[in-house]
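All remarks here apply to the structure that follows.
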Amino acid sequence: MKDTPNSFSHMPDERGHFGAYGGRYVAETLMPLVKAVEAAYKKAIVDPAYIAEFDSLNRHYIGRPSPLYYAERLTEHLAGAKIYFKREELNHTGAHKINHAIGQVLLAKRMGKTRVIAETGAGQHGVATATVAARFGLKCTVFMGEVDMARQKPNVFRMKLLGAEVQPVTSGSATLKDAMNDALRDWVTNVHDTFYIIGTVAGPHPYPMMVRDFQSIIGRETREQIMDMEGRLPDRLVACVGGGSNAIGLFHPFLDDTHIICDAVEAAGHGLDTDKHACSIAGGRPGVLHGNKTYLLQDADGQITEAHSISAGLDYPGIGPEHVWLHEQGRVNYVSATDQEALNAFQLCCELEGIIPALESSHAIAHLIRIAPDLPKDHLIVLNLSGRGDKDIFTVADALGEEIG
Amino acid sequence: MNRIDACFARLKADKRKALVTYIQAGDPTQDFCTELLMGLPTAGADIIELGMPFSDPSADGPAIDKAAQRAIKGGAPMVRTLEMVQKFRAQHSEIPVVLMGYFNPIMAYGVDRFCADAASAGVDGLIIVDLPPEEDSELKIPAAKSGIHFIRLATPTSDDKRLPVVLNGASGFVYYVAVAGITGGKSATTADTGAAVKRIKALSDLPVAVGFGIKTPGQAEDVACVADAAVVGSAIIDHIATGLDENGMPEAGLSEKVLKFVSQLAEGVRAAD
C-alpha cells in the first residue's frame with residue numbers, strides 16, 4: 001500500500017515532510033541525534049527480535065488488544081447511528097499513550113541510552129513514560145508546567161511513585177508547550193545519554209511518523225474487530241485531537257478506504273469566537289515550533305499564543321503535521337467541541353455506559369452526540385475512547401460546583 | 001561587499017580578533033535597548049548580534065528566554081527590531097549587524113518582505129537556530145538574493161559526516177556552538193574549542209566565531225586565542241537583568257554599566273594573541 005499513487009497513508013517523504021509540513025526544525029546540535037533516532041527506528045522495525053518484544057509487551061504488559069465495545073445504551077439514547085467504542089482507556093496506565101511509550105523506550109534501550117525525558121500536559125504521557133522507564137530500569141525526568149501540576153496532582157504523584165523526577169516548568173505559560181521547550185533544552189544539553197520520548201505525533205522527523213506507527217495498532221485492531229462483529233468496515237471514525245496521536249492511530253490504517261469518514265474533534269474551550277480555545281486547525285496558521293512546521297495558534301507577530309481547554313491533554317497551541325496535511329487534502333474533517341459540550345458528554349457517558357471517559361475523549365463523544373441522531377441506524381461509528389477520566393474528576397467537580405475535598 | 005566580509009578582512013589586516021556582542025532587541029524597552037545598541041561599537045563590539053524576540057526560544061537558556069519575554073511585552077517585536085537596525089545603521093555605517101533568532105516570527109512577517117526590509121535596514125547576516133541545512137533553503141536563498149549572509153552553526157555533535165553538510169554552502173562566518181546545550185550554560189575548555197576550530201578550518205576558509213558559555217573577559221580572551229571571534233550574549237543580558245527595578249524598568253546609569261562590561265570583554269579579546 002505504501003507505494004500506491006494517490007495514497008493517503010504513504011507520508012512522510014524521506015526528509016519527514018507531509019506535503020509542506022513536518023520536517024526537522026531543530027538546533028544543529030540535535031540534528032545528528034535526530035538522524036540517529038531515525039536510523040535506529042528504521043533498523044528496529046525490520047528486526048524480528050524488536051517486533052517480538054514489542055508484540056509481547058503489548059499483549060502481556062499493556063493488555064492489548066483493547067476491546068471494541070458496542071455502546072448499546074448510548075446508541076439507543078441517541079437513536080441514530082450504531083456506536084462502538086475502541087476501549088483504549090482500558091490499557092495499562094489508562095490511555096493510549098502507553099502504546100508509543102513502549103515503542104520508544106525499546107528504541108532508547110537499543111540505542112544504549114540510560115535516561116529518558118518527556119513532556120506532559122495532563123500527565124498521561126508522563127505517567128506512561130515513567131511507567132516504561134521503571135519497567136526497563138532507565139532514569140526518567142518528566143517536564144510539566146506548574147499550572148498543569150496544580151490541576152493534575154494525582155498524576156504528579158503517580159509519576160513520583162514510579163520513580164520519575166517531575167521537573168516543574170515555570171517559563172512562558174507554564175503549560176504543555178513550555179514543558180516541551182524545557183524538554184528540548186534538556187535534550188540538547190544531555191545528548192550523550194538521553195532519549196526524548198515525545199508524547200504526540202509532533203516534533204522533528206522521525207517522531208510524527210514513529211509515534212503514528214506505534215499508535216496505528218489502534219486502527220489495525222479496530223479493522224479486525226469490526227469485521228468480526230459486523231462483517232464490514234465502519235462508516236465513520238471519531239477521535240479527539242490535540243497533538244493528534246490517538247486520532248492518527250485510529251485513522252491511519254483506514255485512510256486509503258476513502259469512503260470511510262474521519263472526524264477529528266479539536267478542543268474549542270470557551271468557543272472558537274473567543275481567544276480561549278485550542279483549535280490549531282480552525283484557528284491557527286502555518287508556522288514552526290518544536291521541530292516541525294505545522295498550524296499554530298499565534299499572534300500577528302508570530303508569537304505563540306496560549307491554548308485553552310478544560311482538558312489539559314488538548315491544551316496545546318499546535319497539532320501534528322500529518323493532520324495539517326490530511327486537513328488540506330480534505331481527507332479528515334476537523335471539527336470542534338467546547339468545554340461545556342465536553343462536560344455534558346462526560347456526564348452522559350458516565351450515566352449511560354458506566355464508563356468515566358477522559359475529558360479529552362469527551363470532546364469526541366460531544367461530537368458524536370451532535371451527529372449520531374441524524375444518521376441512519378446502519379451507519380457504523382467507531383469512537384476512540386482514548387483515556388479514562390479518573391484523573392479528571394477534580395476538574396469536573398470544580399466545573400459542576402461540587403466539593404470533593 | 002557585505003559588511004561581515006569587510007569586517008573580517010579588516011581584522012585580519014590588523015591581526016586582531018573580533019568581539020561579537022548579543023543583546024535581545026527591545027529588552028526591556030526599545031528606548032533603552034537602542035541607547036545600548038548605539039554605544040556598543042565605542043565600547044569595543046566589532047560585530048552586533050541582535051536577537052529577534054520569540055515566545056518559545058527552545059535553544060536558549062533562562063537569561064535569553066526572560067529577555068525575550070520582556071521584549072515581547074512592548075509589542076510588534078519584528079517591526080521594532082528592524083527600526084533599531086535602521087537607526088543604528090544611520091550612525092554606524094561599517095559595523096556588521098546579524099539578526100539571530102527563530103524562524104516563526106520571520107514566517108509570520110513574510111519571508112520575502114523580511115529579506116527586503118532587513119536588507120534595506122542594513123542587516124548583514126542571519127542566524128536562525130531552528131533552520132538546519134536541511135530546512136534552510138526557504139530563507140537562505142531569498143536572503144542571499146538580498147545580499148544577506150546565512151550563518152551556519154557547527155556544534156560538538158557535528159561529527160565527520162555532519163560537519164561537511166553544515167559547511168557546504170556556509171557564508172559570512174561559521175558560528176561554532178562550543179558546548180552541547182543551551183545559551184548561558186556550561187563553558188567549554190579552550191583545548192576542546194581550539195581543536196574544534198581547527199577541524200572547521202581544515203574544511204572551510206570562512207572565519208570562525210565561537211559562542212555559548214563565554215561569560216568573562218578572561219574566557220573571551222582564551223577563545224579569541226583559538227578562534228576569529230568570541231560571542232558573548234547571556235552574560236551581557238545578565239548585566240541588564242540585574243539592573244532592572246521591580247517594574248522591570250532599567251535603573252539610572254544601567255546602559256553605562258553594561259557598556260563598561262562590554263569594554264572589559266573587548267579588552268580581553270584585544271589581549272588575545
Side-chain angles (χ1 to χ4, degrees), chain A residues 14-17 20 22-36 119 169-173 177-194 203-205 285-294 296-306 317-318, chain B residues 52-62 65-66 68-69 71-72 75-81 101-110 114 127-136 138 152-159 161-163 165-166 175-177 179-183 185-186 212:
Chain A
E14 277 298 301
R15 289 162 60 224
H17 290 112
R24 287 181 167 128
Y25 294 83
V26 292
E28 178 56 36
T29 309
L30 287 176
M31 280 302 280
L33 197 70
V34 163
K35 292 197 163 186
E119 83 292 341
V169 174
T170 55
S171 61
S173 53
K177 83 174 172 74
D178 310 287
M180 199 150 175
N181 287 336
D182 273 13
L184 283 165
R185 289 175 181 129
D186 181 290
W187 199 25
V188 81
T189 309
N190 298 294
V191 281
H192 56 288
D193 69 351
T194 297
H205 179 63
R285 296 198 320 278
V288 168
L289 181 72
H290 296 151
N292 57 181
K293 187 183 278 183
T294 187
L296 301 169
L297 299 180
Q298 54 183 314
D299 67 15
D301 297 309
Q303 309 299 336
I304 307 305
T305 52
E306 287 176 35
Chain B
M52 296 176 281
F54 181 47
S55 54
D56 293 74
S58 60
D60 284 297
D65 179 37
K66 290 203 177 80
Q69 310 304 338
I72 288 166
M78 187 63 86
V79 172
R80 298 193 309 149
T81 301
Y102 297 78
F103 188 44
N104 200 59
I106 295 174
M107 260 185 94
Y109 192 87
F114 172 79
I127 303 173
I128 309 300
V129 289
D130 56 357
L131 283 186
E134 283 80 350
E135 307 288 356
D136 69 10
E138 60 186 303
R152 289 273 180 79
L153 297 114
T155 79
T157 62
S158 306
D159 54 18
K161 202 174 143 200
R162 184 69 189 166
L163 194 54
V165 175
V166 170
Y175 188 126
Y176 179 66
V177 174
V179 286
I182 49 178
T183 51
K186 293 174 296 188
F212 280 50

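Protein chains get the first letters and strands the later ones, always in sequence-line order, with residue 1 at the start of each. Hydrogens, waters and symmetry mates are skipped; everything else that's a heavy atom, side chains included, is used. Predicted, not measured: the structure shown is a model, and the values here were computed from it.
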Next item on the list: Kindly indicate, with the supporting measurements, whether the criterion side-chain contact (heavy atoms from CB on, under 4.5 Å) is fulfilled by A/K293 and B/E138.
Entry: CA-CA 12 Å; A/K293 187 183 278 183; B/E138 60 186 303; 2.8 Å; yes
Give a yes or no on whether the backbone of [Y] and the side-chain of [X] come within a donor-acceptor separation of less than 3.5 Å.
X	Y	answer
A/T29	B/T155	no
A/N181	B/S58	no
B/Q69	A/S171	no
B/D130	A/Y25	no
A/R15	B/E135	no

Next item on the list: Start with the C-alpha distance between A/D178 and B/D56, add both sets of side-chain angles, then the distance that settles side-chain contact (heavy atoms from CB on, under 4.5 Å), and finish with yes or no.
Entry: CA-CA 7 Å; A/D178 310 287; B/D56 293 74; 4.2 Å; yes
Partner chain A: residue of [options] with the largest heavy-atom pair count (under 4.5 Å):
options	result
B/V165, B/V177, B/D65, B/L131	B/D65
B/A59, B/P53, B/A76	B/A76
B/G185, B/G75, B/P133, B/A180	B/A180

Item checked: Closest heavy-atom pair and its distance - A/Q303, B/P77 -> NE2-CG, 3.4 Å
Check: Run the side-chain contact (heavy atoms from CB on, under 4.5 Å) check on B/T157 and A/L33 step by step: do they pass?
Finding: CA-CA 8 Å; B/T157 62; A/L33 197 70; over 6 Å; no
Does any backbone or side-chain atom of [X] lie under 4.5 Å from a heavy atom of chain A? Answer side chain, backbone, both or neither.
X	answer
B/V166	side chain
B/I182	both
B/D60	backbone
B/P57	both
B/K161	neither
B/M78	neither
B/F54	both

Could you tell me which portion of [X] (side chain, backbone, both or neither) has an atom closer than 4.5 angstrom to a non-hydrogen atom of chain B?
X	value
A/A183	neither
A/L289	side chain
A/H192	neither
A/P286	both

Check: Do the non-hydrogen side-chain atoms of A/K35 and B/E134 ever get within less than 4.5 Å of each other?
Finding: yes
Note to self: Between A/N190, A/I304, A/L184, who has the most heavy-atom pairs with chain B when the cutoff is under 4.5 Å?
What the structure shows: A/I304
Checklist line | CA sep, side-chain torsions, deciding dist, call: B/R162, A/E28, salt bridge (Lys or Arg N to Asp or Glu O under 4.0 Å) | finding: CA-CA 10 Å; B/R162 184 69 189 166; A/E28 178 56 36; 2.7 Å; yes
